Amino acid sequence: GLGNLVRYVPYPVHAGYMTGVAVLMIAAMLPHLLGLSGARGDMDWRNMQPLAVVVALTAIWTAMKAPAWMRRVPVYLTALLAATALHHVLALTPLAGYLGPLFNAPEFVWPRLDAVAPVASHIDDGLLGDKIWLLVEFAVLVALMSSLQTALASSSVDELTHKRRKSGRELFAQGMANVAVGVIGGLPSSGASSRTVVNLDAGGSTQMSRLIFGVTLLAALSFGLRYMSYLPMAAIAGVFSAAALTLVDAWTRRATGVLWRQTLRWRVPRSLAQSYAVMSLVAGITIFVSLAVAIAIGTFVAMVMFIRSNIKPPIRQLVHADRRSSRKVRPAAEAELLRTHGGRVALLELDGALFFGTAEAADEEIERLAHSCDQIVLDFERVSEVDASGARVLLRAADTVRRAGKHLLLAGLRPRDARMRMIRDMDVHGRLADAQFFPDADRALEHAEDQLIAKLAHEPADRPTLQLHETLLGVGLQADELAELASLMTELHFSKGQPVFRRGEAGDAMYVSLRGQIGIWLPAGDEKDEGGRGRRMVSFAPGVAFGEIGLLEGRARSADAIAEEDAVVLQLSRANYERLAADHPALLGKLLLNLSRLLSSRVRALTEELEAANTAR
């Protein structure tokens, strides 16, 4: 069942393993490719035989580039016969001395059924008992290595044949075969990509081809060894090298070309470079260390790269109040103050999971802002999770802001959610005692703006009630025009939480606030906040007109208008509006101009907010 684990080996690791095997095969054949003699190949370049290289290249070219008419016979057999024929033709010429050696065929010995019989003779003398654990250790290591190699080879064959085999059954069959081979004195074996590639390239694609392959090989070893002595080692090495080259998968070959071209242009794709680096690392470890170590290290490195590349940056965007203001519509003087000094208020939107892998980046940004901003708003609306490391970093940042004499505002954290509980549990030193919490970023940003404006304008905390000429509706009006307009408007008083109008009511009036803040809310049925009141869309400061859309369009209200503080407003009813249009058209024109300026300022604010969202880092 462990064979199923091979499907979790990343593809670059698998490609690196195949590339490493190919390099090892070619390295083993290199002395023979050069025509060097000796049991292991005497790597003395002075003894290189140039014609042996020609014979080897002939075998490689025939195996990989042979024309179609030559492929009626399996290509590797064709390559072996062609290179052998060339060798013997050259041996008849005066150049025979520059050819490499022939194959030194081994002696074939039939397996013995009593191969394990001598083991019984050592049962009584204690030798078997002394060595049993050494044998068990060897058997386990061989089984693990063979299983790993078989599973990887099976995966490679699946790609070549476009079939999916059951790796568990494959390993079971290999294990039973090795038990049987061990009983008759044979060496353990495992699935090999090289032999399978030769079989597939020869046209063998069914289970029967395996049997024919084995029987034919057994017959060749039993009765054909004397004929194998005519085969030149360079031809055999060439065929093996061609088979090794086919083990290098198409992705590795293509990626090598792409990276080479892109490197020359200084535009290397990051993801491709990472995958290629993993492949190269696995290939190198396979060549110089071992297969098991290569798979383990390659899988680990690939997992680390995957995790790192898929970790979302903890900071979605950073904006300041001079680029993005709250939804509170303010008088022109206050809006100008924010455009000039709004950089002293920062809104940092966090995103994803705040854990040990991302929290440090957020901490560094907060610490940097503590030196340049008076108030820092942290928006947790998009934060999915906060672990102990993330909570600790947040608390450390809060301590940094407090020691710098600045203010930290936390938005989007509900009192009972898991994120807040984790932060509270970690706050053993009360570092958040001075921090302020808000249900959403807009209200936190609004509070920070109010504090900044109060500080800059030196306004008292309890602002006086405005006069009509101080509002956006009364800008530019003469004294007699102000008196005429005031005579048509009704002063209304609302307590905190009292509605000015409700969604669905007739849009039969417009209003201008003289005192207190008016919020425009979607009802709770659409989208509830933590208090169940719905969602606040915009807020109007004293001096701002609202409800004019319903009056001008003559349609029902689309949202609720709620007094968020004790408020005083002036109401212009539809009847008085129509009287104004009939009796004082010039005054109406000035009112409509002021309203158009108000609406254009709202559109501009929305545009600037969208631009800030797109350009913020």
Side-chain angles (χ1 to χ4, degrees), residues 18 21-108 192-204 209 212-248:
M18 298 302 297
V21 170
V23 172
L24 287 174
M25 289 177 61
I26 295 175
M29 293 294 107
L30 184 59
H32 308 298
L33 288 168
L34 301 177
L36 302 177
S37 59
R40 294 182 177 271
D42 183 8
M43 292 300 291
D44 187 349
W45 299 95
R46 294 171 297 180
N47 298 329
M48 185 181 71
Q49 304 298 330
L51 291 184
V53 178
V54 174
V55 172
L57 291 177
T58 300
I60 295 174
W61 180 88
T62 306
M64 303 189 69
K65 299 293 184 179
W69 63 269
M70 295 182 64
R71 293 181 175 270
R72 296 179 180 179
V73 179
V75 290
Y76 294 115
L77 180 57
T78 302
L80 185 62
L81 295 176
T84 300
L86 177 61
H87 174 93
H88 288 290
V89 169
L90 293 174
L92 300 176
T93 69
L95 302 175
Y98 297 101
L99 291 168
L102 297 175
F103 177 60
N104 185 15
E107 180 182 359
F108 179 74
S193 301
S194 57
R195 293 195 298 268
T196 306
V197 167
V198 171
N199 190 26
L200 291 172
D201 287 346
S209 68
I212 295 176
F213 184 95
V215 172
T216 304
L217 182 60
L218 179 61
L221 292 174
S222 303
F223 309 108
L225 281 177
R226 66 172 71 94
Y227 303 108
M228 292 184 187
S229 298
Y230 293 102
L231 298 176
M233 284 302 302
I236 297 174
V239 170
F240 264 85
S241 298
L245 291 174
T246 60
L247 294 179
V248 181

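None of these values were measured; they are calculated from a predicted model. Just so you know, these numbers use all the heavy atoms, side chains as well, and skip hydrogens, waters and symmetry mates.
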Would you please test Thr62 and Leu81 for side chain to side chain contact (heavy atoms under 4.5 Å, CB included) and show each step?
CA-CA 10 Å; Thr62 306; Leu81 295 176; over 6 Å; no
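Between Ile236 and His32 the shortest side-chain heavy-atom distance does not fall below 4.5 Å.
Taking both residues in full, the closest heavy atoms of Pro31 and Ala27 are given as CD-O, 3.6 Å, listed atom of the first, atom of the second, then distance. Nearest heavy atoms, Ala237 versus Met29: CA-SD, 3.6 Å. Minimum interatomic distance between Leu34 and Met48 (heavy atoms only, all atoms of both residues): O-CG, 3.3 Å. The two residues Gln49 and Gly35 have their closest heavy-atom pair at CG-O, 3.4 Å.
Atom CG of Leu90 is separated from atom CG of Leu51 by 5.5 Å, given to the nearest 0.5 angstrom. Here the CG atom belonging to Leu33 is positioned 9.5 Å from the CE atom belonging to Met233, to the nearest 0.5 angstrom. Considering CD1 of Ile60 and CD1 of Ile26, their distance stands at 7.5 Å, rounded to 0.5 Å.
Checked against side-chain contact (heavy atoms from CB on, under 4.5 Å), Thr216 has the following partners two or more places apart in sequence or in another chain: Ile212. Judged as a side-chain contact (heavy atoms from CB on, under 4.5 Å), and not counting sequence neighbours, the contacts of Val248 are Thr19, Ala22, Thr252, Arg253. Legend: residues meeting side-chain hydrogen bond (donor to acceptor under 3.5 Å, both in side chains) with Thr93, ordered by chain and number and at least two apart, are absent.
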Hey, can you pull the donor-acceptor pairs under 3.5 Å for the side chains in residues 222-232, sequence neighbours left out?
unit_1, atom_1, unit_2, atom_2, d
Ser222, OG, Leu218, O, 2.7

Donor-acceptor contacts, no H, no angles, side chain residues 94-103, under 3.5 Å, sequence neighbours left out:
none

